[in-house]
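Because the structure is predicted, anything quoted here is derived from the model rather than measured.
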Amino acid sequence: MLEKLCNLVKSCHKAVVLTGAGISAESGVPTFRGKEGLWGRFRAEELATMEAFMANPKIVWEWYNWRRELMGGVKPNPGHLALVELANHFGSFTLVTQNVDGLHRAAGSTEVLELHGNINRNKCVKCSAPYEESDIDPDRIPKCSRCGGQIRPDVVWFGEMLPGEVIDTAFRRSEEAELFFSIGTSAIVHPAASLPITAKHCGATLVEINPEETPLSGLADIRIAERSGEFLPRLLEAIRSGIGSGEKG
Ligand code: BV8
Ligand code: ZN
């Protein structure tokens, strides 16, 4: 398996990586749907929505402040760091994340397509003007200086469109990909979950790294049932030690 993957890394030009909450799990960030997951305690489909925010902005801000606090102390793990180095092995490497924790950038990844926004950014609920203030008091939610709208986290909620430019680029790169890694995602949130399917249908080799099965597992050409923080550094080690042949075509 490792040798087959090294050959693919050596022979493919264009790679896309899609990550989900699982890649941050080893940094101590709870996943959404795992046993200890965020959603265990909250029904995030109910909280991560505009309806919830309009109905009860206080509880939504309490949830995000709780997550921000949680993320305040976490740092990138060997999985995030391995992706920074993996990028150097491809002519074109695109990192697409569903995560809002900013850990890929913190690890040193430069071009990161953040499909669902970033929990550390805020914006106006009405005019989307960015709002720098980072600590928001749920009892005194600030108002936009431009239009008076309430300030909300700059993340994509359920039922909301993803940032157009970001998702379009993600689909275009997925259509062109020769190698597509789906790492640490349950592959059920759309349109993100359509990216690996699109890549596969356009001829890419699909690799899934996830200790659990997902709806994508049946489609994957290579399935690595391991934690990303353990497997990715091993893959890099194997590439560095020259395992595998193959030339960039
Ligand atoms: C939209 C930001 C439309 C907020 C998030 C029915 C069918 C299909 C689609 C839908 C449907 N009903 C509704 C929809 C649409 C909906 C959707 O897909 N719902 C799902 C639940 C069915 N999608 C939307 O609403 C999207 N918008 O469709 O708009 C539209 C069209 C026109 C006009 C207007 C609107 C918006 C979706 C974005 C929602 N925002 N987050 C916040 O974070 O607070 S989603 C949330 O889920 C996170 O972003 C998260 O990243 C994402 C996906 O979860 P995962 O990252 O996969 O995390 P999860 O816990 O699920 O899985 C972790 C995995 O890691 C597990 O498999 C585990 O085994 C693995 N793992 C654990 N440890 C490790 C590991 N893997 C490797 N190593 C480890 N160590
Ligand atoms: Zn505004």
So, do [X] and [Y] sit near enough that their side-chain heavy atoms are less than 4.5 Å apart?
X: Leu47; Y: Ile59; value: yes
X: Cys147; Y: Cys124; value: yes
X: Lys126; Y: Arg146; value: no
X: Glu85; Y: Asn88; value: yes
X: Cys144; Y: Cys127; value: yes
X: Asn65; Y: Pro138; value: yes
X: Leu235; Y: Ile239; value: yes

Modelled atom types, side-chain donor and acceptor of [X] and [Y], under 3.5 Å:
X: Asp221; Y: Thr205; result: no
X: Glu208; Y: Thr214; result: yes
X: His104; Y: Thr19; result: yes

[X] and [Y]: which non-hydrogen atoms are nearest, and at how many Å?
X: Val100; Y: His116; result: CG1-O, 3.2 Å
X: Tyr131; Y: Pro142; result: OH-CB, 3.2 Å
X: Arg121; Y: Arg68; result: O-NH2, 3.6 Å
X: Lys75; Y: Ser27; result: O-OG, 2.8 Å
X: Pro233; Y: Ala82; result: N-CB, 4.0 Å
X: Trp61; Y: Ile151; result: NE1-O, 2.9 Å

Drop me the distance from [X]'s [atom1] to [Y]'s [atom2], to the nearest 0.5 angstrom.
X: Ile224; Y: Phe231; atom1: CD1; atom2: CZ; result: 3.5 Å
X: Asn77; Y: Glu230; atom1: CG; atom2: CD; result: 10.0 Å
X: Lys123; Y: Glu132; atom1: NZ; atom2: CD; result: 14.0 Å
X: Asn118; Y: Asp101; atom1: CG; atom2: CG; result: 8.0 Å
X: His80; Y: Arg105; atom1: NE2; atom2: CZ; result: 12.5 Å
X: Asp137; Y: Lys58; atom1: CG; atom2: NZ; result: 8.5 Å

(request) Any chance you could lay out the side chain to side chain contact (heavy atoms under 4.5 Å, CB included) test for Ile209 and Ser182, step after step, and finish with the verdict? (result) CA-CA 6 Å; Ile209 304 175; Ser182 176; over 6 Å; no
Do NZ/NE/NH1/NH2 and the carboxylate oxygens of [X] and [Y] come within less than 4.0 Å?
X: Glu178; Y: Lys10; result: no
X: Glu176; Y: Arg173; result: no
X: Glu237; Y: Arg234; result: no

(request) Look at atom NZ of Lys14 and say whether more than 12 heavy atoms of other residues, nucleotides or ligands are closer to it than 6.0 Å. (result) no
(request) Please answer: with hydrophobic residues joined when any side-chain heavy atoms are less than 4.5 Å apart, are Val84 and Val112 in the same cluster? (result) no
(request) Would you check, one step at a time, whether the test side chain to side chain contact (heavy atoms under 4.5 Å, CB included) holds for Glu175 with His201? (result) CA-CA 8 Å; Glu175 285 157 8; His201 287 165; over 6 Å; no
(request) Show your reasoning for whether side chain to side chain contact (heavy atoms under 4.5 Å, CB included) applies to His89 and Leu236. (result) CA-CA 10 Å; His89 292 275; Leu236 262 298; 4.1 Å; yes
(request) Could you walk me through whether Gln98 and Thr185 pass the side-chain hydrogen bond (donor to acceptor under 3.5 Å, both in side chains) test, one step at a time? (result) CA-CA 9 Å; Gln98 300 170 88; Thr185 180; 2.8 Å; yes
(request) Report the C-alpha distance between Glu62 and Arg67 in whole Å, list the side-chain angles of each, state the deciding distance to 0.1 Å, and finish with yes or no for side chain to side chain contact (heavy atoms under 4.5 Å, CB included). (result) CA-CA 9 Å; Glu62 280 170 354; Arg67 287 171 63 190; over 6 Å; no
(request) Would you mind telling me which of Thr97, Leu103, Leu83 makes a side chain to side chain contact (heavy atoms under 4.5 Å, CB included) with Ile23? (result) Leu83
(request) Could you list who else is in Ile167's hydrophobic cluster, with ILVMFWY side chains joined at under 4.5 Å, directly or through other members? (result) Val16, Leu18, Val96, Leu113, Leu115, Val156, Leu162, Val166, Phe171, Phe180, Leu195, Ile197, Leu206, Leu216, Leu219
(request) Assign the ring pair Trp157 / Tyr64 to parallel, tilted or perpendicular, where the plane angle (0 to 90°) is split at 30° and 60°. (result) tilted
